[in-house]
Amino acid sequence: MARMKLKELECHLQEVDEFEDPKILLEQYPTRPHIAACMIHTMASSFDDIEGRSILDLGCGCGVLSIGCVMLGAGSVLGLDIDTDALDTCQQNLEAFDIDNVDLVQSSVLAADNLLREKVEVVVMNPPFGTKHNKGLDMIFLEQGIKLATRAVYSLHKTSTREHVLKKGESWGTKPQVLAELRYDLPATYKHHKKSSVDIQVDFIRFAIS
Amino acid sequence: MKLLTHNMLTSKNMKTVTTGYPLIIQARDVKVMEVEFRAEFISRMIPKIDWECLCRAAEDLGHLNDLPKSVPDNYENDEDFLKKAHHVMLEVEVINGDLICPESSRKFPVTDGIPNMLLNEDEI
């Protein structure tokens with residue numbers, strides 16, 4: 001299978017439709033195409049964690065990470081999300097991209113480890129960062145992800161929380177590695193955002209299970 | 001919902017349920033599609049599959065055909081077998097229907113290919 005270049009992947013992912021009406025309480029932000037492309041490309045080329053792998057996209061939202069995984073040759077992808085509207089948008093995106101090996105399931109992330117009888121090889125996520133009303137939510141996502149992976153968990157966390165995240169990752173039996181620092185440019189998604197866009201510094205981290 | 005996914009789903013989150021597996025499929029609409037065959041991937045997934053559950057599900061959907069009742073020895077090198085497994089695991093999809101918990105009989109609806117496993121507060 002031809003290895004797609006990073007720029008090409010980013011171009012394709014720019015076509016993925018975002019949340020029509022993002023919900024503040026669920027902290028719904030789309031994963032920006034340049035960030036998603038960087039994540040998936042690194043997972044594939046540096047760690048052999050995409051091609052032919054079984055992958056879980058935890059909190060898949062509109063599916064940009066799932067679609068990225070398939071574009072670089074994932075074996076199968078399961079997208080899990082709690083929100084009907086997000087899953088609808090995700091389903092539409094999968095159809096638009098003519099993707100046939102992503103399956104979706106509606107569930108809360110907290111329930112995921114009992115929901116699934118077997119682990120997957122790789123878990124990928126862009127968790128809610130745990131601001132607004134959901135403090136510490138990204139750590140709950142991470143803990144669940146670690147329970148469900150046999151090879152590795154890939155996640156994004158605010159750089160300002162790095163020490164805490166790495167320590168927690170180790171306490172849960174993984175070997176965490178910060179792969180990159182990325183600028184997450186969030187466009188004004190919610191009505192209360194005053195600026196037109198906000199920059200957040202995030203760490204892209206790989207938590208090695210095995 | 002592919003049968004590979006169904007093979008992994010349980011209703012164990014329900015407080016009254018012990019195992020919650022396998023979920024019984026009551027399908028109204030089933031679709032068959034073509035998915036690229038990856039022998040190595042299928043071969044690695046076989047040990048994770050509950051084969052009895054897969055056969056039962058395939059049978060319930062009318063897609064059992066000549067799928068072997070048990071996994072043959074040396075399946076890794078049996079491309080014919082891997083192709084049959086691939087077909088049932090990835091190419092047969094439940095579009096609309098219900099998944100039924102074998103212990104509580106609770107129905108989980110499948111809509112537009114997506115199973116809704118969300119529980120009510122009093123069920124957790």
Side-chain angles (χ1 to χ4, degrees), chain A residues 1 26 48 50-57 60 63 66 69-71 73-95 98-122 144 148-151, chain B residues 1-15 17-23 31-50 53-54 86 89-95 99 101 108-121 123-124:
Chain A
M1 145 163 257
L26 294 175
D48 191 24
I50 295 285
E51 184 152 353
R53 299 284 177 206
S54 64
I55 301 179
L56 171 66
D57 183 354
C60 63
S66 294
C69 286
V70 165
M71 283 181 169
S76 74
V77 180
L78 182 64
L80 185 149
D81 203 281
I82 197 172
D83 182 43
T84 308
D85 295 323
L87 288 166
D88 277 350
T89 304
C90 187
Q91 189 79 293
Q92 282 166 40
N93 277 321
L94 294 177
E95 275 161 35
D98 203 17
I99 285 177
D100 53 21
N101 58 344
V102 175
D103 231 5
L104 301 177
V105 63
Q106 186 165 13
S107 165
S108 92
V109 166
L110 273 172
D113 61 325
N114 279 323
L115 176 70
L116 298 172
R117 184 177 59 77
E118 285 275 347
K119 300 184 187 194
V120 295
E121 290 175 293
V122 177
Q144 287 296 89
L148 289 165
T150 59
R151 282 178 63 91
Chain B
M1 182 194 66
K2 297 173 191 289
L3 292 189
L4 170 61
T5 300
H6 165 260
N7 202 268
M8 302 300 161
L9 294 179
T10 86
S11 53
K12 218 168 91 167
N13 278 305
M14 296 183 71
K15 63 183 181 200
V17 166
T18 322
T19 316
Y21 185 86
L23 301 175
K31 194 168 86 175
V32 178
M33 56 206 302
E34 221 178 284
V35 176
E36 190 188 330
F37 172 64
R38 287 183 164 86
E40 221 240 286
F41 169 71
I42 297 295
S43 180
R44 271 203 339 275
M45 295 304 289
I46 296 292
K48 295 190 183 192
I49 298 284
D50 181 316
C53 168
L54 184 71
H86 160 83
M89 280 160 60
L90 296 180
E91 296 189 324
V92 180
E93 288 200 13
V94 178
I95 303 300
L99 303 179
C101 169
F108 296 93
V110 181
T111 314
D112 198 22
I114 306 176
N116 182 351
M117 306 305 294
L118 291 174
L119 296 172
N120 303 318
E121 264 190 50
E123 291 174 309
I124 303 175

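Every chain is numbered from 1 and lettered A, B, ... according to where its sequence line falls, protein lines coming before strand lines. Source: prediction; values computed, not measured.
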Interchain contact, Gln91(A) with chain B, by part (heavy-atom threshold 4.5 Å): side chain
Portion of Leu4(B) that has a non-hydrogen atom of chain A nearer than 4.5 angstrom: side chain
Can you find a heavy atom in the side chain of Lys48(B) that is under 4.5 Å from one in the side chain of Ser54(A)? yes
Ranked by heavy-atom pairs below 4.5 Å to chain A, first place among Glu40(B), Met8(B), Glu91(B) goes to Met8(B)
State which residues pass side chain to side chain contact (heavy atoms under 4.5 Å, CB included) with Leu148(A); sequence neighbours excluded, sorted by chain then number. Leu56(A), Ala112(A), Asp113(A), Leu116(A), Val123(A)
Under 4.5 Å to a heavy atom of chain B? For Leu78(A) that would be side chain
Arg117(A) side-chain N/O to Tyr21(B) backbone N/O, donor-acceptor pair under 3.5 Å: no
So for Met89(B), is it side chain, backbone, both, or neither that comes closer than 4.5 Å to the heavy atoms of chain A? neither
Under 4.5 Å to a heavy atom of chain A? For Met33(B) that would be side chain
Only residue of Asp103(A), Leu87(A), Val105(A) satisfying side chain to side chain contact (heavy atoms under 4.5 Å, CB included) with Ile114(B) is Leu87(A)
Glu34(B) versus chain A, heavy atoms under 4.5 Å apart: side chain, backbone, both or neither? backbone
Which atoms of Ile82(A) come close to chain B, meaning under 4.5 Å heavy atom to heavy atom: side chain ones, backbone ones, both, or neither? both
Sort out for me which of Gln106(A), Arg53(A), Glu121(A) touches chain B most, counting heavy-atom pairs under 4.5 Å. Gln106(A)
If only atom types and distance count, is the side chain of Thr10(B) paired as donor or acceptor with the main-chain N or O of Asn114(A) below 3.5 Å? yes
Please classify the contact of Ile49(B) with chain A as side chain, backbone, both or neither, using a heavy-atom distance under 4.5 Å. backbone
For Thr84(A), is it the side chain, the backbone, both or neither that has a heavy atom under 4.5 Å from a heavy atom of chain B? neither
